[in-house]
Number of protein chains: 2
Amino acid sequence: MSDDRQTRTEKLASEIADAILDGTLAPGSRLDEHMLAARYGTSRTPVREALRQLATTGLIELRPRRGAIVAQVTSDELEMLFVAMGELEATCARLSAMSMTPIERRRLGALYDSMGEMVAQDDVPAYTAANTALHAMFYAGTHNPVLAEMTAGLRRRVGPFRRAQFRAPGRLALSHAEHGAVVRAVLGGDATAAHAAMLHHVSLVEDAFEQLVATAMEAPGSSPHRAKAG
Amino acid sequence: MSDDRQTRTEKLASEIADAILDGTLAPGSRLDEHMLAARYGTSRTPVREALRQLATTGLIELRPRRGAIVAQVTSDELEMLFVAMGELEATCARLSAMSMTPIERRRLGALYDSMGEMVAQDDVPAYTAANTALHAMFYAGTHNPVLAEMTAGLRRRVGPFRRAQFRAPGRLALSHAEHGAVVRAVLGGDATAAHAAMLHHVSLVEDAFEQLVATAMEAPGSSPHRAKAG
DNA sequence: GGCCAATACTGTGCATGCAATTTCGTGAAT
DNA sequence: ATTCACGAAATTGCATGCACAGTATTGGCC
């Protein structure tokens with residue numbers, strides 16, 4: 001078919017990860033090796049290796065002799081993921097304030113400005129994409145791939161649970177305002193302020209999420225951990 | 001024979017990891033699947049699964065179709081690991097200052113005091129062990145297993161390269177003094193000071209390491225990345 | 001004599017098969 | 001009716017074997 005440069009194991013790991021992240025495989029789902037092997041047209045061997053890799057990243061849970069399931073995240077664990085992500089994001093902002101090159105700063109400012117347009121037009125899809133790009137800039141701005149990778153990994157991991165964050169009216173403008181504080185601090189080279197502003201921003205996102213969970217809890221029948229309909 | 005509760009794959013992963021961390025398997029060593037299988041008396045299958053797990057943690061490097069090697073860490077990458085670890089440790093100290101329970105604070109103070117004794121007696125082995133325990137207290141003090149696990153993992157990963165850190169004369173006392181600043185800030189609930197003090201402490205450790213590397217570089221024949229003889 | 005190409009070989013990627021354990025279904029006893 | 005025990009099916013853990021990519025070696029050519 002195509003480039004077979006990467007092994008089946010790697011392809012499987014990434015495809016299964018995608019299926020989990022986009023909600024096709026819901027948390028708690030059993031990951032039957034035979035089923036996955038049949039589904040992707042391979043034998044169980046690469047499936048097993050892919051599962052072990054995913055288990056190490058925390059995306060799935062591997063229970064010896066009892067099979068694998070998509071990671072169950074309790075409300076408490078999710079809050080800890082959010083807190084950890086917030087701290088890492090704040091650290092990235094701090095280092096970005098200290099380490100970004102002039103070019104990086106210019107691009108950051110430009111992206112931020114363009115997001116203002118999206119807010120004005122209430123373009124949620126564009127804003128969501130730009131938001132991801134903005135945060136990615138802070139990761140890259142650390143000039144520290146280790147930290148960047150850890151933070152991005154954590155963001156991916158909480159991704160399935162923050163899908164609807166920009167749905168609430170006015171949240172786009174609020175998010176943009178918070179970003180403004182972070183961007184100004186970073187561009188101004190104020191590491192402490194950048195840290196504080198980002199921490200504030202992420203904690204607000206967390207609060208918004210918790211409200212979402214709370215409302216979902218009040219409406220039984222819709223699983224709070226399924227962010228996307230099937 | 002022995003408790004077979006954990007699978008061979010897990011046992012292998014942990015044994016190979018130990019071998020890497022204690023220097024038996026030097027960075028750059030080829031990890032031949034047949035050899036490892038024979039060495040541990042299993043087939044290649046669990047070896048492969050263990051290798052994939054280790055690759056995800058960053059301990060080894062898995063090059064498709066070209067075999068696995070113990071992770072090569074260049075001087076630059078090592079510095080990034082140190083910086084990332086420092087940031088995470090500082091974050092742990094910050095959260096500890098905010099979240100530690102009275103009991104945890106008492107134990108932290110007690111451990112710190114007992115380390116003063118070890119410094120006075122110049123007991124390097126005891127101090128090294130206590131140092132690990134002290135840092136572990138900060139991880140636990142965050143009350144955030146996600147962050148704690150990430151930080152501990154990073155510390156493990158740089159472990160092989162900081163083995164001789166307490167060798168230099170006077171470093172024990174210096175380390176203890178730095179710890180004092182962190183401990184006081186945490187016990188006093190001053191999150192910002194705790195963060196700053198820990199960051200300072202870790203950056204000094206990093207400097208000490210870089211000096212070590214520099215001196216090792218000047219003495220060719222002794223590999224700077226082999227901390228322990230085979 | 002050095003460089004490049006063809007070949008043999010080593011080692012990884014993956015499929016398949018078997019054994020052991022877990023789990024599910026059935027039945028009987030309390 | 002509920003619970004426990006037993007047995008069957010399903011599923012994981014691991015071993016083995018084969019095919020292909022990568023590597024080393026040898027021979028030929030410039």
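Here is the naming used below: chain letters follow the sequence lines, and residue numbers restart at 1 for every chain.
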Can you tabulate the close N/O pairs, meaning under 3.5 Å, that link protein atoms to atoms of nucleotides 15-21 of chain C?
unit_1: C/dA15; atom_1: OP1; unit_2: A/S43; atom_2: N; d: 3.4
unit_1: C/dA15; atom_1: OP2; unit_2: A/S43; atom_2: N; d: 2.7
unit_1: C/dA15; atom_1: OP2; unit_2: A/S43; atom_2: OG; d: 2.4
unit_1: C/dA15; atom_1: O5'; unit_2: A/S43; atom_2: OG; d: 3.4
unit_1: C/dA15; atom_1: N7; unit_2: A/T45; atom_2: OG1; d: 2.9
unit_1: C/dT16; atom_1: O4; unit_2: A/T45; atom_2: OG1; d: 3.3

Partners passing side-chain hydrogen bond (donor to acceptor under 3.5 Å, both in side chains) against B/Y112 (at least two apart in sequence or in another chain) = none
Listed by chain and number, what are the side chain to side chain contact (heavy atoms under 4.5 Å, CB included) partners of B/D32, not counting sequence neighbours?
-> B/H34, B/M35
Partners of A/E10 by side chain to side chain contact (heavy atoms under 4.5 Å, CB included), sequence neighbours excluded?
-> A/Q6, A/T7, B/R52, B/P64
Using whole Å, report how far CZ of A/R63 lies from C1' of D/dG13.
-> 16 Å
Residue list, salt bridge (charged side-chain N to carboxylate O under 4.0 Å, His left out) with A/R48, at least two apart or on another chain = A/E33, B/E49
Mind checking side chain to side chain contact (heavy atoms under 4.5 Å, CB included) for A/A133 and listing every partner two or more places apart, or none if nothing turns up?
-> A/L111
Which atoms of nucleotides 7-11 of chain D (N or O only) lie under 3.5 Å from a protein N or O atom, and what are those distances?
unit_1: D/dT11; atom_1: O5'; unit_2: A/D32; atom_2: OD1; d: 3.4

With sequence neighbours excluded, residues passing side-chain hydrogen bond (donor to acceptor under 3.5 Å, both in side chains) with A/R156 | A/E149
Residues within residues 48-59 of chain B bordering DNA chain D, heavy-atom distance below 4.0 Å | none
Student check: side-chain heavy atoms of A/Y127 and A/S175 closer than 4.5 Å | yes
side-chain hydrogen bond (donor to acceptor under 3.5 Å, both in side chains) filter on B/H201, not counting sequence neighbours, yields B/E178, B/H179
What is the distance from CG of B/L62 to P of C/dT12, rounded to the nearest Å?
-> 10 Å
For A/E77, check salt bridge (charged side-chain N to carboxylate O under 4.0 Å, His left out) against everything at least two apart and list the hits.
-> none
Just how far, in rounded Å, is P of C/dT23 from CD1 of A/I69?
-> 12 Å
Any side-chain N or O of A/T9 under 4.0 Å from OP1/OP2 of C/dC14?
-> yes
For A/A191, the side chain to side chain contact (heavy atoms under 4.5 Å, CB included) test, sequence neighbours excluded, returns A/R94, A/A97, A/M98
